[in-house]
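All remarks here apply to the structure that follows.
Quick note on labels: first sequence line is chain A, next is B, and so on, each numbered from 1.
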2 protein chains.
Amino acid sequence: MVVVSLENVSGGSLNEAKIHDQVYEALSEALIQGKIPPLKPVSLRTLAHNLGVSPMPVREAVRRLIAEKALELQPSNKRLRVPDLTEKRLMQLMTARQWVEPELARLATPHVTKDVIKRLREDDAAVMTALGKGDVAAYMQANQDFHFSIYRLADADLFYDMARTLWLQVGPFMRVVFGRMGTVHLPKDHHQDMIRALETGDAGTVKTSMAADIHEGMELMLDAIKAHVAPEPKRRRRG
Amino acid sequence: MVVVSLENVSGGSLNEAKIHDQVYEALSEALIQGKIPPLKPVSLRTLAHNLGVSPMPVREAVRRLIAEKALELQPSNKRLRVPDLTEKRLMQLMTARQWVEPELARLATPHVTKDVIKRLREDDAAVMTALGKGDVAAYMQANQDFHFSIYRLADADLFYDMARTLWLQVGPFMRVVFGRMGTVHLPKDHHQDMIRALETGDAGTVKTSMAADIHEGMELMLDAIKAHVAPEPKRRRRG
DNA sequence: AGCCCAATTTTGTGATCACACTTCAGCGAT
DNA sequence: ATCGCTGAAGTGTGATCACAAAATTGGGCT
């Protein structure tokens, strides 16, 4: 099954975006959504074939994703794959998210408008619906929409890109964890508090509730990775 | 004058590192050292020619650097260049450095050995020597060595890479600022305090003195960018 | 059956060519 | 001299080919 395509990327209208940018968008979206599991090998030619483009732009997109550590290519081995997460690395990702994302939320607060609140309520509703149905894929999409609808307002390019890079690295693993334990135990509702604080312009509360939201989600993943250390490499042992 | 070469990269002797990795190392080193000024246009073919390689591996290295925002290619215009720094962006870089680097220093503390202390004293001595001679290039090299000798010990890949990316973005501009105002006003000596704290294993003091060191350096740059908003685009240089 | 080695396929990497587009140098007219 | 145009040179992008090395397969062995 092909999890990545060019069609659903940015109905970029009059856009003459480069092919490698479109490929990048398609791949990174798939990664954030967790549609490509950790340790899954991918290949330039296969991706290129699935996307209907030559291997060239795929190489550039992949090189970019490798730089962002959303993909890796094993050292001696020359295979390209989605990196696995060690507990050590996950803790660093958690810390970094706690640095960046609450700050983004704080910076976003002054720029909130009625339209934004409306949009956030829709996103949050979608999150709740997905949780109710136990639809992990829909949950991840809606949750991403909710967070980045806020971050986008912060007018802080560097922080925004940092957040996106962190999500790229967490995405594949998050999907596995939530898929394994179901959506039942997912972080309870900090979103409502956050929306209220955004409405009243209470930047402090926005920041702390964002921190709490992230903390709970990542804590779940930490527990999961501690319990289930090696996500079993699939088949074929080493001789 | 050619500011980037492959020879001084990792006397890699038995190393069979990919060419694009060597090119990346050469370019990023030049950028961190500030050897390529902001807004300076570079081109794939020129770099390839100077490095004695084909444009292909340069493309991959450059794509990586663009992902790290150490290079940019102007939107409509398709030229590749070193990005300029706005005040807004510099403040984000400063904040991010304050997040990552003091934490790296704290994490490094338990792993300090006598050899490390020796190395740090040498690096610090080189810093002082460079300051004495007003040699900006030597200062930047020695200062980088000092900081990353510490960061390397932290055993925190993600944070380490984040720090490196931040230095990549700050490097070109730092060179310009310090070159303009001379090395006289450079941050006074937090290095000594830091080394002492590292010796005694006082992680708290290590962290705070690292924060102070970074704060002062970046504060200088903030002042500089506020005073000298547009670093004059510089017309036509011929080599 | 289980295991090992050889041949085949597939992988990423690098080089080269083609193309559309921008920039720049040079010349002519005002 | 200044302005405006035009041809040449240079730009990043994409496609295709060549190649060494790793992964995979398949057959032959114990």
Side-chain angles (χ1 to χ4, degrees), chain A residues 6 9 12 14-27 36 39-67 69-83 233-239, chain B residues 2 6 9 12 14-27 36 39-83 233-239:
Chain A
L6 283 191
V9 167
L14 55 98
N15 193 356
E16 44 170 330
K18 311 294 180 193
I19 298 184
H20 71 257
D21 282 324
Q22 301 179 40
V23 173
Y24 172 82
E25 289 298 333
L27 281 175
I36 312 180
L39 297 183
K40 165 90 174 195
V42 296
S43 92
L44 299 183
R45 286 174 177 85
T46 303
L47 285 174
H49 180 262
N50 288 346
L51 293 169
V53 301
S54 94
M56 200 66 238
V58 179
R59 274 166 77 169
E60 308 218 30
V62 161
R63 187 60 58 193
R64 203 170 147 189
L65 289 165
I66 292 176
K69 274 126 195 45
L71 291 176
E72 74 178 359
L73 106 124
Q74 8 195 5
S76 138
N77 193 331
K78 51 178 12 174
R79 294 282 298 227
L80 185 66
R81 65 179 187 186
V82 180
K234 199 178 197 175
R235 65 175 227 210
R236 200 154 166 29
R237 58 182 179 190
R238 164 89 172 83
Chain B
V2 180
L6 284 191
V9 168
L14 56 96
N15 195 355
E16 45 172 328
K18 311 295 179 192
I19 296 184
H20 66 82
D21 282 323
Q22 300 179 41
V23 173
Y24 172 81
E25 289 298 331
L27 281 174
I36 312 180
L39 297 183
K40 166 91 174 189
V42 296
S43 93
L44 299 182
R45 287 174 177 83
T46 304
L47 285 174
H49 181 261
N50 289 346
L51 293 168
V53 301
S54 93
M56 200 65 238
V58 179
R59 274 166 78 171
E60 307 217 27
V62 161
R63 187 59 59 193
R64 205 171 145 188
L65 288 165
I66 291 177
E68 298 173 330
K69 277 137 196 27
L71 292 177
E72 72 177 2
L73 46 80
Q74 10 193 1
S76 143
N77 193 331
K78 48 178 24 173
R79 301 270 309 218
L80 188 65
R81 66 178 185 186
V82 179
K234 158 187 278 194
R235 291 197 43 93
R236 292 254 10 244
R237 270 299 290 275
R238 177 70 180 98

Residue pair A:K69 / A:P83: nearest heavy atoms and the distance that separates them = O-CG, 3.8 Å
Between B:T46 and A:V53, the residue closer to the 5' end of DNA chain D by nearest nucleotide is B:T46
Within residues 56-65 of chain B: residues closer than 4.0 Å to DNA chain C (heavy atoms) = B:M56, B:P57
Interatomic distance where CG belongs to A:L47 and P belongs to C:dT10 [whole Å] | 16 Å
Round to the nearest Å and state the distance from B:L71 atom CG to D:dG12 atom P.
-> 11 Å
Protein-nucleotide distance (A:H49, atom NE2; D:dT16, atom P), rounded to Å = 13 Å
Enter the distance from B:Q22:CD to B:E25:CD here, rounded to the nearest 0.5 Å.
-> 9.0 Å
Using whole Å, report how far NE2 of B:H20 lies from P of C:dT13.
-> 4 Å
Within this structure, what is the CG-to-P distance between A:L51 and D:dA15, rounded to whole angstrom?
-> 12 Å
Expressed in angstrom and rounded to an integer, what is the separation of A:Y24 atom OH from D:dG14 atom C1'?
-> 20 Å
Out of C:dC21, D:dT24, D:dG14, minimum distance to the side chain of B:K78 belongs to C:dC21
Would you mind telling me which of D:dT11, D:dT13, D:dA23 lies closest to the side-chain atoms of B:L73?
-> D:dT13
Closer than 4.0 Å, any side-chain N/O of A:S43 to the OP1 or OP2 of C:dT11?
-> yes
Check whether any side-chain heavy atom of A:L39 sits under 4.5 Å from a side-chain heavy atom of A:V82, and report yes or no.
-> no
Would you sort out whether B:V23 and B:L47 count as a side-chain contact (heavy atoms from CB on, under 4.5 Å), showing the intermediate values?
-> CA-CA 9 Å; B:V23 173; B:L47 285 174; over 6 Å; no
Heavy-atom check, side chain of B:Y24 versus side chain of B:E68, under 4.5 Å | yes
Spacing of B:K18 atom NZ relative to D:dC19 atom P, expressed in whole Å = 17 Å
Among B:L44, B:N50, B:T46, B:V42, which residue meets the side-chain contact (heavy atoms from CB on, under 4.5 Å) test with B:V58?
-> B:L44
Can you check whether any acceptor in the base of C:dG12 is under 3.5 Å from a donor in the side chain of A:R45, or vice versa?
-> yes
Using atom CG of B:L44 as one end and atom C1' of C:dT16 as the other, report the distance to the nearest whole Å.
-> 15 Å
Residues B:R63, A:H20; criterion side-chain contact (heavy atoms from CB on, under 4.5 Å); working and verdict = CA-CA 11 Å; B:R63 187 59 59 193; A:H20 71 257; 3.2 Å; yes
What is the nucleic acid contact for B:V23, judged by heavy atoms within less than 4.0 Å: base, sugar-phosphate only, or nothing?
-> nothing
